[in-house]
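We number each residue from 1, following the sequence as shown. Only this structure's heavy atoms are used, side chains among them; waters, hydrogens and symmetry mates stay out.
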Amino acid sequence: MSETLSGADCERLVATVPGWELSDDGKAVSASLEFANFADAWGFMSEIAIEADKLDHHPEWSNVYNRVSITLTTHDAGGLTARDQALADKIAAALERRGKAG
C-alpha cells in the first residue's frame with residue numbers, strides 16, 4: 001500500500017493544476033475543467049487515459065459536452081499519494097499544451 005501525502009505535499013498537489021480543490025477530509029483533490037468543445041474535452045480525456053493506464057492509477061471523472069470533472073485519490077491508501085501527484089503532473093502538462101495552464 002502507498003503512503004499518504006503530508007499536508008504540505010497535499011497543498012503542493014492542489015497547486016499543480018489550476019482549479020484543483022482539496023476535499024474537506026483532505027483525502028482527494030478535484031477539478032472541473034472547461035474546454036472549447038466536446039472534441040477538445042474528449043481529446044484531453046483520451047490523452048490522460050493513456051497516461052493513467054501507464055501509471056496504473058485511474059481518475060474518477062465524468063464528461064458533459066465541453067466540461068470534464070476529475071477527482072484523484074488512492075482508495076487503497078485512504079487518501080492522496082505520490083501516484084495522485086504523478087497523475088496530476090500529467091494532467092497539468094496536458095493542460096499546458098492546450099494553453100490552459102494557470
Side-chain angles (χ1 to χ4, degrees):
M1 180 179 343
S2 301
E3 186 175 322
T4 57
L5 298 177
S6 69
D9 289 335
C10 287
E11 291 302 322
R12 277 192 287 282
L13 193 156
V14 169
T16 300
V17 177
W20 272 145
E21 292 183 10
L22 189 61
S23 65
D24 290 340
D25 63 7
K27 294 182 178 186
V29 291
S30 60
S32 290
L33 306 169
E34 189 171 322
F35 296 87
N37 53 46
F38 178 74
D40 195 27
W42 195 265
F44 166 78
M45 291 179 74
S46 295
E47 180 179 349
I48 298 307
I50 292 166
E51 295 301 329
D53 233 26
K54 289 177 187 175
L55 294 169
D56 193 28
H57 190 61
H58 305 91
E60 297 175 23
W61 59 4
S62 65
N63 164 249
V64 176
Y65 181 55
N66 67 334
R67 294 181 313 274
V68 176
S69 298
I70 305 173
T71 299
L72 300 181
T73 190
T74 303
H75 293 286
D76 63 352
L80 294 163
T81 68
R83 297 173 79 195
D84 297 296
Q85 182 65 65
L87 188 52
D89 290 342
K90 298 293 185 183
I91 291 167
L95 291 172
E96 187 172 327
R97 284 190 295 280
R98 288 170 168 74
K100 295 192 157 299

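- Asp53 CG to Ile48 CD1: the interatomic distance, rounded to the nearest 0.5 Å, is 12.0 Å.
- Judged as a salt bridge (charged side-chain N to carboxylate O under 4.0 Å, His left out), not a single pair has a partner in residues 65-74 (not counting sequence neighbours).
- To the nearest 0.5 Å, the span separating CZ on Phe35 from CG on Leu95 amounts to 5.5 Å.
- The CE atom of Met45 sits 10.5 Å away from the CD1 atom of Ile91 when rounded to the nearest 0.5 Å.
- For Thr74, the side-chain contact (heavy atoms from CB on, under 4.5 Å) test picks out His57, Asp76, Ala77, Thr81, Arg83, Asp84, with sequence neighbours left out.
- One distance of note links CG of Leu13 with CG of Asp89; it measures 7.5 Å at 0.5 Å rounding.
- The shortest heavy-atom contact between Pro59 and Ile70 is CB-CG2, 3.9 Å.
- Looking at every heavy atom in both residues, Ala82 comes nearest to Leu5 through N-CD2, 3.7 Å.
- Shown here are the ring-ring contact (aromatic ring centres under 6.0 Å, His included) partners of Phe38, two or more places apart in sequence or in another chain: Trp42.
- The CG atom of Asn66 lies 9.0 Å from the CG atom of Asp40; values are rounded to the nearest 0.5 Å.
- Under the side-chain hydrogen bond (donor to acceptor under 3.5 Å, both in side chains) criterion, the residue pairs touching residues 6-27 are Ser6-Asp9, Asp9-Arg12, Thr16-Gln85, Ser23-Asp25, with sequence neighbours excluded.
- Closest of all the heavy-atom pairs between Ala41 and Asn63 is CB-ND2, 3.7 Å.
- Thr71 approaches Ser30 most closely through the heavy-atom pair OG1-CB, 3.5 Å.
- By the side-chain contact (heavy atoms from CB on, under 4.5 Å) test, Ser69 pairs with Ser32, Ser62, sequence neighbours left out.
- Looking at every heavy atom in both residues, Leu80 comes nearest to Cys10 through CD1-SG, 3.8 Å.
- Taking Ile50 as the reference, Lys54 meet the side-chain contact (heavy atoms from CB on, under 4.5 Å) condition, with sequence neighbours excluded.
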